[in-house]
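What follows is a short report on a single structure.
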Protein chains: 2
Amino acid sequence: MIKVFIIDDHEMIIQGIKSLLEDDTEIHWTGSAKTPADLWRHLKSNKPDILLMDINLPETNGIELCSKLSELYPDIRVIGLSSSDQPSIIKKMMKNGAKAYLLKDASKHELITAIKKVMKGEAYVNYTVSEILKHNKPERSLPVLTRREKEVLELIADGLTNTEIAEKLFLNVTTIDSHRKNMITKFDVKNTAALIKLAVSEKLI
Amino acid sequence: MIKVFIIDDHEMIIQGIKSLLEDDTEIHWTGSAKTPADLWRHLKSNKPDILLMDINLPETNGIELCSKLSELYPDIRVIGLSSSDQPSIIKKMMKNGAKAYLLKDASKHELITAIKKVMKGEAYVNYTVSEILKHNKPERSLPVLTRREKEVLELIADGLTNTEIAEKLFLNVTTIDSHRKNMITKFDVKNTAALIKLAVSEKLI
DNA sequence: TTTAAATTCCCCTTTTTAGGGGAGCCCGTT
DNA sequence: AACGGGCTCCCCTAAAAAGGGGAATTTAAA
């Protein structure tokens, strides 16, 4: 029997996956957790073979949790689970010890296949995910904001002008202007409006 | 028998909810859709009593879909479903004809209760949601964008200048300028940057 | 039908951004 | 010690936005 445990903050998904796995005779459901604290508590008395882990956990993020887990319990195989198909996140998860990665639109069949494959020691990535990773070779990963840039960008987004920002940060206006121009260039957008849209929608600020 | 249909882009949640409802003798699962197009197709031949609707649908947003649905099929009762607990979104859903609202961390029991209550004509909001709505009483409800304003704002957010937008919409530059100024005034922000931030984070565009 | 809101267009001036440069300083890595 | 990236500051001009008005037409709602 493959002992499976799940951590996800959404009760609906926990119960959903539980019933998806119930039919299978090889899989044994050992429980679920909604928070990392719950998880640690359960692991003391009950070590699963496989841990299904939602990445979008509130508070702690799945990536850190994943690496901590593979330190403390290297035998537990982690399968990442998320609704987002952000390549960067998936990559980070795989680097931090996840053996497989599924999107939440994966089917029952796919879920079970993934669990069994991982149990055999194989890796598993669903088609969509592998496509994402593949197409991501010419990775259009977003430029990274430096500390100062982020600071300036947040103030721009709050409606301050270069002059006002300069006063606030005790800098020269031209400096702020440089940062603004740099950001517009590095993100390859046409103006501030587009920059803000990108930054907000990509959660850079 | 209560006929229940679901629209959600995540296969896992569809299948999860399906198996949550399977046991119940009063509830009959009539199918699922992953896109609005799928939904419309199904509805032609098969009208459910209750539609479980995920708000965070890609492409179309659940709020518009909801209002369109209550126009075309006023008999179908919509239960909103989402992982986000943003008061503004929940309120909009309720305004647009949703009879109930559940978070994805709702339990099996809660889901079934909600379905049955809504079927009886009662409204249902889970505790968390009602708390959210309550604490949000001193709501600083956002101004509404008119059709034209939204159109213009989207183009602004894409980095077009007034002149470019005017050409695109076959309007005079001063018109676009007026719209921009109006929006800045009505949203009480200082400039375009702040306007875009607000619009993106409040999902107005 | 009356009224309010939406949409369109126009004037003016000042401020702010955009776009093109260049350059020196600090700091961590090589 | 040399290099690059981040950060700072400076020049210039042209374009765009902000801020202040006003006003006519359409359209939808009361």
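Letters A, B, ... are given to chains in the order of the sequence lines, protein chains preceding strands, and every chain is numbered from 1.
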- Item | side chain to side chain contact (heavy atoms under 4.5 Å, CB included) evaluation trace for A:Leu65 with A:Leu69 | CA-CA 6 Å; A:Leu65 189 59; A:Leu69 200 84; 5.5 Å; no
*Please report the C-alpha distance between B:Thr175 and B:Val152 in whole Å, then the side-chain angles of each, then the deciding distance to 0.1 Å, and finally whether the side chain to side chain contact (heavy atoms under 4.5 Å, CB included) criterion is met.*
CA-CA 10 Å; B:Thr175 305; B:Val152 171; over 6 Å; no
Verdict with supporting geometry, B:Tyr73 and B:Val78, side chain to side chain contact (heavy atoms under 4.5 Å, CB included):
CA-CA 10 Å; B:Tyr73 302 92; B:Val78 176; over 6 Å; no
Kindly indicate, with the supporting measurements, whether the criterion side chain to side chain contact (heavy atoms under 4.5 Å, CB included) is fulfilled by A:Met183 and A:Leu204. CA-CA 12 Å; A:Met183 288 189 274; A:Leu204 300 177; over 6 Å; no
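Between A:Thr163 and C:dT15 there is no side-chain N or O to OP1 or OP2 distance below 4.0 Å. Contact annotation: B:Ser178 side-chain N/O to C:dT8 OP1/OP2 distance is not under 4.0 Å.
Taking atom CG of residue B:Asp177 and atom P of nucleotide C:dT7, one finds them 16 Å apart after rounding to whole Å. With rounding to whole Å, A:Ile184 atom CD1 is found 8 Å from C:dT17 atom C1'. Remark: P of C:dC11 and CG of B:Asn172 are 9 Å apart, rounded to the nearest angstrom. Rounded to whole angstrom, the span from the CD atom of B:Glu149 across to the P atom of C:dA5 amounts to 13 Å. Between A:Met183 atom CE and C:dG19 atom P the separation is 14 Å, expressed in whole Å. Following rounding to the nearest Å, A:Ile176 (CD1) and C:dT16 (P) show an atom-to-atom distance of 14 Å. Counting to the nearest Å, the P atom of C:dT8 and the CZ atom of B:Arg147 are 11 Å from each other. Across the protein-nucleic acid pair, B:Asn182 atom CG and C:dC9 atom P stand 14 Å apart, rounded to whole Å.
Interatomic distance, B:Ile50 CD1 to B:Ile6 CD1, rounded to the nearest 0.5 Å: 12.0 Å.
Nucleic acid contact for B:Thr161: sugar-phosphate only, since backbone atoms but no base atoms lie under 4.0 Å from a heavy atom of the residue. Within 4.0 Å of B:Asn191, counting heavy atoms only, lie sugar-phosphate atoms of the nucleic acid but no base atom. Across all strands shown, A:Thr175 has heavy atoms under 4.0 Å from base atoms, whether or not it also approaches the sugar-phosphate.
If you walk DNA chain D from 5' to 3' and mark each nucleotide with an atom closer than 4.0 Å to a heavy atom of chain A, the marks span D:dG6 to D:dC10.
Using a 4.0 Å cut-off between charged nitrogen and carboxylate oxygen, B:Asp177 and B:Arg180 do not count as a salt-bridge pair.
Nearest-nucleotide assignment on DNA chain C puts the 5′-proximal partner with A:Asn162, out of A:Lys181 and A:Asn162. Of the residues near DNA chain C, A:Arg180 and B:Thr174, the one whose nearest nucleotide (by heavy atom distance) lies more toward the 5' end is B:Thr174.
At most 12 heavy atoms of other shown residues, nucleotides or ligands fall within 6.0 angstrom of atom NZ in A:Lys150.
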